Amino acid sequence: MLAVVHSYWVHGVEGQPVRVEVKVQTGLPVFTVVGLPAGAVREGKERVFAALAQSGMALPPRRITVNLAPADLPKSGSGFDLPVAVALLTALGHVPAAALAECAFIGELGLDATVRPVRGAIALAMSCRAQGRSRLFVPWGNAREAAAVPGVEVVGVRSLEEVAGLLRGELEPGPLPPPVTPSGGHQGTDLGDVRGQPMAKRALVIAAAGGHSLLMSGPPGAGKTMLARCLPGLLPPLAEAESLEVTRVHSVAGLLDSDQPVKTDRPFRAPHHTISAGGLIGGGNPPRPGEISLAHLGVLFLDELPEFARSVLETLRQPMESGRVRIARVRHTVTFPARFQIVAAMNPCPCGQGGEDCICADRDVARYRSRLSGPLLDRIDLQVRVGPVSWNELTASAESPGLDSAAARERIMEARGRQTARFGGDGGVNALVPAREVVGLCRLSPAGGRLLESGIDRYRLSARSVHRTLRVARTIADLGGGDGLGEREIAEALRLRVGLPGSRALSWTPDSAAAPGHGSAAAPLFPRTSSN
């Protein structure tokens with residue numbers, strides 16, 4: 001008696017197909033699982049025995065062999081319990097083999113025959129659709145998550161008896177839980193609650209409009225963390241495909257909320273500075289997603305940036321460029337998505353005050369800043385100083401708090417719309433423009449070209465810095481409604497590029513090209529750009 005059931009398991013963030021082959025034959029009563037099963041898979045036979053006995057379908061004393069094909073790939077997880085049990089019921093004649101056509105099964109069994117949720121259900125449903133299977137049996141707790149994948153009939157089940165009844169035609173599938181509705185926007189800090197800081201607000205808007213990375217430096221209490229927490233509320237909502245992609249990563253990591261199993265808001269991750277390299281980029285055996293993958297298509301906020309171990313920060317260099325991270329272990333090699341928008345905050349020195357109030361020795365300041373390598377800083381598009389907030393700014397009338405997140409988001413969406421039209425509607429943003437296309441998309445006016453050339457010579461900008469400066473200038477022009485890049489856009493991009501003390505700060509700008517919003521609370525966040 002031979003039965004074959006199709007199932008899937010999670011490898012990285014992808015679902016891998018597995019054929020669960022069960023052979024029941026005469027011989028000594030032995031239950032063997034082959035196909036490189038991990039510990040949770042091998043222990044599954046005890047759960048299957050107990051669940052079948054609880055359901056009144058105890059196994060006869062036979063020799064039972066379970067093969068998980070392909071046999072040369074290690075299998076892990078508890079999701080093979082249900083397919084093994086269904087294959088046994090089919091081999092013993094309790095379930096007709098014809099009922100398994102175009103079906104796949106995933107789920108963990110309890111000793112009371114209940115079917116319990118597993119990690120990565122949405123990734124498994126996406127793999128099921130890709131394999132052309134039309135029906136997927138999942139635990140009831142995973143039903144709403146898996147049902148978010150179009151093109152697959154998801155059947156949520158609560159017990160092994162229910163599965164047998166459905167396959168025998170004695171029961172009809174129950175209605176699935178209602179689909180997840182968007183939460184109505186990110187419930188975070190509003191930009192209007194931040195007093196003062198016109199330069200930092202302007203940089204935050206530019207970062208949101210073009211998907212740029214941002215580093216803020218300033219004394220404690222200046223509002224750096226508050227500004228960073230405003231960013232998710234400025235970003236556009238996730239598209240349907242992006243929502244599935246973000247949900248897949250969080251599902252594999254086991255971080256989905258049962259009340260909101262499909263992610264509709266952009267993630268915001270803020271790991272502590274004591275995090276390890278494996279916790280940041282992912283690790284383990286088999287590897288699991290790290291913080292940069294959990295921030296995929298969202299924001300990764302690194303507060304107190306120099307307090308992170310330098311070896312940990314250096315692991316960010318490759319993912320910031322490629323948008324993914326590849327982790328290799330002895331028996332597993334996986335690739336996790338990691339297209340995140342990094343926002344970082346730091347103090348100017350160990351005491352945090354900087355300037356005339358600093359009590360740090362010069363060597364302490366140098367040691368503190370040396371924790372951030374030049375190659376890492378070269379990959380951060382916007383670097384701004386956040387100064388103390390004055391009493392007049394702090395006690396400004398609540399009736400005129402300045403631009404709020406809703407108004408800023410409207411202008412950001414307009415700029416994103418220009419980028420969508422420019423890149424053919426594929427969701428691209430200026431920060432992701434390939435290097436070979438930067439010069440063509442960032443057309444410089446003669447005056448803008450001369451200013452950029454002067455800035456390159458004066459501040460010894462690398463080729464990467466030049467390309468990133470041009471991308472930022474392109475975003476500034478999109479916010480202002482302009483086409484070409486003139487002196488104003490280049491001047492502001494340069495000021496934001498080298499704006500931190502100790503980083504060859506920009507101290508000169510032609511009057512006609514002065515960067516708006518710097519050092520003046522009355523400067524507009526959205527200056528109109530003249531046609532270049």
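This is a predicted model, so every value here is computed, not measured. Only this structure's heavy atoms are used, side chains among them; waters, hydrogens and symmetry mates stay out.
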Begin from the C-alpha positions of I342 and M320 and carry the test side chain to side chain contact (heavy atoms under 4.5 Å, CB included) through to its verdict. CA-CA 8 Å; I342 187 171; M320 289 176 67; 3.9 Å; yes
Apply side chain to side chain contact (heavy atoms under 4.5 Å, CB included) to residues F340 and R269 and explain how you reach the verdict. CA-CA 10 Å; F340 55 91; R269 305 294 299 183; over 6 Å; no
Derivation of the side chain to side chain contact (heavy atoms under 4.5 Å, CB included) call for S213 and R379: CA-CA 8 Å; S213 52; R379 288 168 166 81; over 6 Å; no
F308 vs L316, test: side chain to side chain contact (heavy atoms under 4.5 Å, CB included). Steps then yes/no. CA-CA 12 Å; F308 285 78; L316 293 174; over 6 Å; no
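Looking at heavy atoms from C-beta onward, K263 lies out of side-chain contact with S251 at the 4.5 angstrom threshold. Using a 4.5 Å heavy-atom cutoff, the side chains of L238 and E245 are not in contact. Residues P337 and V249 are in side-chain contact: their nearest non-hydrogen atoms beyond the backbone lie under 4.5 Å apart. Residues F301 and T225 meet the side-chain proximity criterion, which asks for heavy atoms closer than 4.5 Å. Residues R158 and T114 form no side-chain contact, since every pair of their non-hydrogen atoms from C-beta on lies 4.5 Å or further apart. Contact annotation: the side chain of R248 approaches that of E14 to within less than 4.5 Å [non-hydrogen atoms, C-beta and beyond]. The shortest distance between side-chain heavy atoms of R144 and V262 does not fall below 4.5 Å. When side chains are defined from C-beta on, R19 counts as touching H6, because their heavy atoms get closer than 4.5 Å.
With hydrogens and angles disregarded, a donor-acceptor distance shorter than 3.5 Å links the side chain of R168 to the backbone of H94. Checked by atom type and distance alone, the side chain of S405 pairs as donor or acceptor with a backbone atom of L191 at under 3.5 Å. Checked by atom type and distance alone, the side chain of Q419 pairs as donor or acceptor with a backbone atom of N430 at under 3.5 Å. Side chain of Q341 to backbone of H212: a donor-acceptor contact under 3.5 angstrom is found. Looking at S322, its side chain does come within 3.5 Å of a backbone N or O of R324 through a donor-acceptor pair. The backbone N or O of A270 sits nowhere less than 3.5 Å from a side-chain atom of D303 that would complete a donor-acceptor pair. In this structure, R329 contributes its side chain and G283 its backbone to no donor-acceptor pair below 3.5 Å. Not one N or O on the side chain of R133 forms a donor-acceptor pair closer than 3.5 Å with the backbone of A104. Between the side chain of T475 and the main chain of R471, a donor-acceptor pair closer than 3.5 Å is present. R266 contributes a side-chain N or O that, together with a main-chain N or O of P236, makes up a donor-acceptor pair within less than 3.5 Å.
The OG1 atom of T315 lies 9.5 Å from the CG atom of L376; values are rounded to the nearest 0.5 Å. Once rounded to the nearest 0.5 Å, the distance linking CG of L280 with CD1 of I275 reads 5.0 Å. One distance of note links CZ of R47 with CG of L109; it measures 8.0 Å at 0.5 Å rounding. Atom NZ of K23 is separated from atom CG of L88 by 13.0 Å, given to the nearest 0.5 angstrom. How far CG of L305 is from NE2 of H273: 11.5 Å, rounded to the nearest 0.5 Å. Separation of atoms OG (S7) and NZ (K75) is listed at 11.0 Å; rounding is to 0.5 Å.
Among R474, E437, H467, the single residue meeting the side-chain contact (heavy atoms from CB on, under 4.5 Å) criterion with C442 is R474. Residue L231 is tested with L214, V205, T189, V343 for a side-chain contact (heavy atoms from CB on, under 4.5 Å); the sole match is V343.
The residues R443 and D483 are annotated as salt-bridged, a charged nitrogen and a carboxylate oxygen being separated by less than 4.0 angstrom. R468 has a carboxylate O that lies under 4.0 Å from a charged side-chain N of E321, or vice versa, which qualifies the two as a salt bridge. Ion pairing between a basic and an acidic side chain is recognised when a charged N comes within 4.0 Å of a carboxylate O; E153 and R135 show such pairing.
Here the shortest heavy-atom pairing between I122 and A148 reads CD1-CB, 4.4 Å. E161 approaches Q54 most closely through the heavy-atom pair OE2-O, 4.3 Å. Considering every non-hydrogen atom in both A87 and V20, the closest pair reads CB-O, 4.4 Å. Nearest heavy atoms, V24 versus A91: CG2-CB, 4.0 Å. In terms of heavy-atom proximity, E108 sits nearest to V118 at N-CG1, 3.7 Å. Across all non-hydrogen atoms, the minimal contact from G156 to E162 is O-OE2, 3.8 Å.
The neighbour count for R63 CZ, taken as heavy atoms of other residues, nucleotides or ligands under 6.0 Å away, does not exceed 12. Within a 6.0 Å sphere centred on CD of E240, other residues, nucleotides and ligands contribute 12 heavy atoms or fewer.
In this pair, F137 and F105 present their aromatic rings parallel. The plane angle is below 30°, not in the 30 to 60° band.
No donor-acceptor contact under 3.5 angstrom links the side chains of T247 and E145, judged on distance only.
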